[in-house]
Amino acid sequence: MRKKLNEVIRLNDKQKKQLASEIKAFYLDVRGEEIGMIEEQQLIDLFCEK
């Protein structure tokens, strides 16, 4: 099922924590960079809104 253009994705706290962990691991493994909690949350918010 495709997401409607103006629909926002909602994640529970457990999902957000898991996603933040995966984002952090991606940046470290693929880009060789460490990112902080603020950057993790900004990326999660961006993708949920878009």
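As the structure is a prediction and not an experimental result, all values here were calculated from the model. For the numbers below, each heavy atom of this structure counts, side chains included, while hydrogens, waters and symmetry mates do not.
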Per-pair distances, 0.1 Å, donor-acceptor, side chain in residues 40-48, under 3.5 Å, sequence neighbours excluded:
| residue | atom | partner | partner atom | Å |
| --- | --- | --- | --- | --- |
| Gln41 | NE2 | Asp45 | OD1 | 2.7 |

Cut-off 3.5 Å, no hydrogens considered: what does the side-chain donor-acceptor table look like for residues 26-38, sequence neighbours left out?
| residue | atom | partner | partner atom | Å |
| --- | --- | --- | --- | --- |
| Arg31 | NE | Glu33 | OE2 | 3.4 |
| Arg31 | NH2 | Glu33 | OE2 | 3.2 |

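With sequence neighbours excluded, the residues that form a side chain to side chain donor-acceptor pair (under 3.5 Å) with Glu22 are Gln18. With sequence neighbours left out, Asn12 forms a side-chain contact (heavy atoms from CB on, under 4.5 Å) with Lys14, Gln15. With sequence neighbours excluded, no residue satisfies salt bridge (Lys or Arg N to Asp or Glu O under 4.0 Å) with Arg10.
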